[in-house]
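First comes the structure, then the notes that go with it.
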Amino acid sequence: MKNIRNFSIIAHIDHGKSTLSDRLIQFCEGLADREMKAQVLDSMDIERERGITIKAQSVTLNYKAKDGEIYQLNFIDTPGHVDFTYEVSRSLAACEGALLVVDAGQGVEAQTVANCYTAIEMNLEVRAILNKIDLPQADPDRVSEEIEDIIGIDAVGAVQCSAKTGIGIQDVLEDIVLHIPPPEGDLDKPLQALIIDSWFDPYQGVVSLVRVKHGSIRKGDKLKILSTGDSHQVDKVGIFTPKQTDTGILKAGEVGFIIAGIKEILGAPVGDTITLANNAAVEPLPGFQKIKPQVYAGLFPVSSDDYESFRDALGKLSLNDASLFYEPESSSALGLGFRCGFLGMLHMEIVQERLEREYDLDLITTAPTVNYEILTKDGTIHSIDSPSEMPAVNDIAEVREPICKADILVPQEYLGNVITLCMEKRGTQTAMSYHGKQVAVSYDLPMAEVVMDFFDRLKSTSRGFASLDYNFTRFQEADMVRVDILLNGERVDALAMICHRDFSQSRGRLLADKLKELIPRQMFDIAIQAVIGVHIIARTTVKQLRKNVIAKCYGGDISRKKKLLQKQKDGKKRMKQVGNVELPQDAFLAILKIG
Ligand code: GDP
Ligand code: MG
C-alpha cells in the first residue's frame with residue numbers, strides 16, 4: 001500500500017485539469033499514442049462539445065519514479081464548474097491528496113478557492129501546480145503569491161508545468177509521489193468500500209466506482225450493499241487505465257470498479273458502503289451529505305405517450321447524477337410530467353440535453369424557480385418549489401426566500417461594475433478585501449436572482465475576468481408575489497412566475513411583451529395578460545394570421561415550398577397545445593430573457 005497514491009485534480013474551469021490528465025496518462029503510457037485524443041476523459045458527447053467536464057472520472061496508472069520504485073497512481077479528474085462542486089467533494093472522499101491546478105496567466109479564481117477549501121476540510125494534502133507556463137502572459141511568481149495571499153496555502157516552490165507542451169509533467173508526478181501520503185487501510189479487516197459513483201451501462205448493468213478502505217473484494221465474491229442489505233455475486237472487478245480493465249481483485253487503498261449484475265437502478269446508491277455478504281456487523285463509512293437542489297423546473301414530454309419512458313430515463317439518469325431530484329407534477333397546461341430540482345442553470349441545461357440525446361425524448365421545460373418557505377396565517381410553513389403551489393394571497397402571512405453568500409473575485413478595474421450589478425440584484429455587501437490586483441468581494445444575494453442570468457451578466461460586465469462561487473445560507477423574509485399569465489382569459493399555470501414586488505410590474509410587462517414576440521400568429525387573436533391576484537398589470541395581443549405562408553411562393557418553386565413546410569413541421573415538434581393556443585418551447589422560458 002505504501003506505493004499507492006490516490007489524488008484528485010481540482011481547479012477553476014479552464015485552468016487545464018483535463019489537459020493535465022491527458023499528459024499524465026500519456027507519460028505513464030496508459031494509452032498507446034494512436035489511442036490518445038485530446039481530453040480522453042471527457043467521454044460524454046456533451047462534455048466533448050462543450051469542452052467541459054461533467055462527471056468525475058478515475059484512472060489508474062503505473063509510474064516508475066526517480067527512486068526506482070513503481071507507484072500505482074489512482075487519480076480522479078473532476079468538473080470545475082460551480083454547479084458541479086458536489087461531484088468534486090465526492091471524488092475527494094476517495095483520495096489522500098489533491099493537485100490544485102492554477103492557470104499561471106489567469107491566477108486564482110473563485111472555484112480555485114472553493115475547491116481548495118473543500119479539499120482542506122477533508123484533510124487532503126493539497127499541492128499547488130502552476131499550469132500554462134508556456135503562455136507569454138504567465139507570471140508564476142505573482143500567482144504563487146496570490147495563492148498564498150488569497151487561499152493561504154504554501155505555494156513557494158510549487159511545481160510549474162505546461163499541460164499543453166508537456167514541460168514539467170515529470171515534476172508533477174514526482175511531487176505526487178513525494179508529498180501525497182499513501183492510503184491507510186487494513187487488508188485483513190472485513191471489506192468496507194465506499195461507492196463514489198454508480199452508473200447504468202446497457203450491457204453490463206450497474207457499474208460502481210469504489211474506493212476500498214479495508215479488506216479486499218474478488219471476482220466471484222458475494223457482496224452486500226449495506227443500506228439495503230441486498231446481496232449480489234461479483235461478476236467483474238477492475239480498474240480504468242483509462243480503459244475498463246479486469247483485475248479480478250481490488251484491495252484496501254485502491255480505487256476501481258465493481259460490476260455485480262445489479263439491474264435495479266437504485267441498487268447501488270452513491271455514498272453507500274459495500275461489504276461481503278458473510279461479514280457481520282460492519283459499520284457504514286461516512287457517506288455523502290445529501291445536497292439540496294437550488295433550482296426547480298417542470299419537465300414535460302411533448303407527446304404524452306412518452307411519459308413512461310421519460311420516467312424510466314429520469315430514474316436511470318438520477319442513479320448517475322445523485323444531485324438530480326424529481327417528483328411527478330401535473331400541469332393543466334402541459335399534462336403529466338416531473339418537477340425536477342437542479343444544482344444550477346448549467347446543470348438543468350445538461351440534464352435536459354442528456355435526456356433528449358441519450359434517451360431520445362422531446363421535452364418542454366418550464367421556467368426555473370427557487371424554493372420558498374411560506375408561512376400561512378394558520379401558522380403552518382409550506383415549502384414550495386413551483387409558482388402554482390403558492391397559497392392564495394389572503395392566506396399568506398410571510399414569504400421567505402433563499403439567500404446565498406456569493407464570493408466574487410474580480411480585478412480592481414471591474415469592481416465598480418460588479419458592485420452595480422449586485423445592487424441591482426438586491427444584494428448586500430458583507431466583505432471586501434484587496435489582494436494585489438484582485439479584489440475579493442462577498443455579497444448576500446437572493447438565490448432567485450443568482451440562478452437566473454447573474455453569472456452571464458457578471459462575466460459580461462467584467463470582460464470575463466470576474467469569477468463566482470455561491471452557497472445557500474438561509475431563508476429570509478421578502479415581499480414576493482406571483483405574476484400569472486392569462487391567454488385569452490385562461491390562466492396558464494406553466495407560465496406563472498414568482499418575483500419581488502418591486503420588480504413585479506416591470507417584469508410582468510416585459511414578460512407579456514416577450515410572449516407576444518414568441519407566440520406565433522394563429523388563426524385568431526390571442527390576448528396576453530399579466531396579472532397579480534385580480535390586478536391586470538399588462539395586456540397585449542398577438543394578432544391573427546392573415547396570409548397563408550405558402551401563398552407567398554407563387555406555387556412555382558416546389559423545393560422552397562417543401563422547405564417551408566418542413567420548417568413548420570420541425571417547429572411543431574416543440575409546440576404544445578394549451579387550450580386552443582399553440583405555444584412554442586421558448587414561450588415557457590421567456591422569463592429567462594427579461595432579466
Ligand atoms: P479544465 O476545464 O480545467 O478541464 O481545462 P482544460 O484541460 O479543458 O483546458 C482548458 C483550455 O486550456 C484548453 O483549451 C486547453 O488546451 C488549454 N490549456 C490547458 N493547459 C494548457 C497549457 O499548459 N498551456 C496552454 N497554452 N494552454 C493550455
Ligand atoms: Mg475538463
Side-chain angles (χ1 to χ4, degrees), residues 7-27 30-31 36-59 75-92 95 98-116 118-119 126-144 147 151 155 158-173 175 242 344 346-347 349-350 409 455 459 464-465 467-469:
F7 63 97
S8 284
I9 305 183
I10 52 179
H12 191 81
I13 193 162
D14 276 349
H15 283 210
K17 288 180 307 293
S18 302
T19 313
L20 180 62
S21 309
D22 288 356
R23 284 299 86 68
L24 297 180
I25 293 168
Q26 208 173 23
F27 197 95
L31 287 173
M36 200 69 210
K37 53 186 175 184
Q39 315 231 333
V40 283
L41 297 185
D42 291 346
S43 53
M44 283 193 283
D45 284 348
I46 305 180
E47 293 182 317
R48 301 197 67 84
E49 277 166 31
R50 293 183 176 225
I52 57 171
T53 313
I54 300 165
K55 294 296 297 176
Q57 296 270 344
S58 90
V59 182
F75 85 80
I76 299 179
D77 181 34
T78 62
H81 186 278
V82 57
D83 281 10
F84 302 107
T85 1
Y86 179 59
E87 293 276 338
V88 178
S89 64
R90 282 197 355 235
S91 312
L92 294 180
C95 302
L99 301 185
L100 179 70
V101 174
V102 185
D103 182 328
Q106 193 79 26
V108 173
E109 297 196 68
Q111 258 78 55
T112 318
V113 184
N115 288 332
C116 185
T118 313
V126 178
R127 305 297 304 167
I129 307 284
L130 302 172
N131 187 32
K132 307 200 187 182
I133 52 158
D134 61 295
L135 291 176
Q137 71 269 30
D139 189 349
D141 292 340
R142 172 182 75 79
V143 173
S144 307
I147 295 173
I151 306 180
V159 174
Q160 304 188 4
C161 73
S162 164
K164 188 167 180 180
T165 66
I167 310 167
I169 296 305
Q170 193 171 12
D171 299 339
V172 174
L173 288 160
D175 196 72
L346 179 66
H347 186 213
E349 268 177 51
I350 303 253
L409 272 174
F455 188 68
K459 283 284 170 197
F465 284 112
S467 56
L468 164 76
D469 184 62

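One-based numbering, in listed order, for ligands and for the atoms of each.
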Does any N or O in the side chain of Asn131 come within less than 3.5 Å of the main-chain N or O of Ala163, such that one atom is a donor and the other an acceptor?
-> yes

Between the main-chain N or O of Asp103 and the side-chain N or O of Lys132, is there a donor-acceptor pair closer than 3.5 Å?
-> no

How long is the span from the CD1 atom in Ile147 to the SG atom in Cys116, to the nearest 0.5 Å?
-> 8.5 Å

To which of Asp14, Leu130, Ile133 does the heavy atom nearest atom 1 (P) of ligand 1 belong?
-> Asp14

Of the backbone atoms (N, CA, C, O) and the side-chain heavy atoms from C-beta on, which set of His15 has a member under 4.0 Å from an atom of ligand 1: side chain, backbone, both, or neither?
-> backbone

Would you say ligand 1 has an N or O under 3.5 Å from any N or O of Leu20?
-> no

Quick note on ligand 1: atoms under 4.0 Å from a heavy atom of Asn131 include exactly 20 (N), 21 (C), 23 (O)

Who gets closest to atom 11 (C) of ligand 1 by heavy atom: Lys17, Lys164, Lys132?
-> Lys132

Any side-chain heavy atom of Val108 sitting closer than 4.5 Å to one from Val113?
-> yes

Can you list the residues that meet the side-chain contact (heavy atoms from CB on, under 4.5 Å) rule with Ser144, with sequence neighbours excluded?
-> Leu130, Ala155

List every atom of ligand 1 that sits less than 4.0 Å from any heavy atom of Leu135, numbering the atoms from 1 in the order shown and giving each element.
-> 26 (N)

Just heavy atoms, cut-off under 4.0 Å: does Thr19 contact ligand 1 by side chain, backbone, both, or neither?
-> both

Would you mind listing which atoms of ligand 1 come within a distance below 4.0 Å of any non-hydrogen atom of Ser162?
-> 22 (C), 23 (O), 24 (N)

4.5 Å side-chain heavy-atom contact, His15 and Gln111 | no

Report the residues that fulfil side-chain contact (heavy atoms from CB on, under 4.5 Å) with Ala119, sequence neighbours left out, ordered by chain and then residue number.
-> Ile10, Leu92, Ala98, Leu124, Val126

Would you mind telling me if ligand 1 is within reach of the side chain of Ala11, the backbone, both or neither, using heavy atoms under 4.0 Å?
-> neither

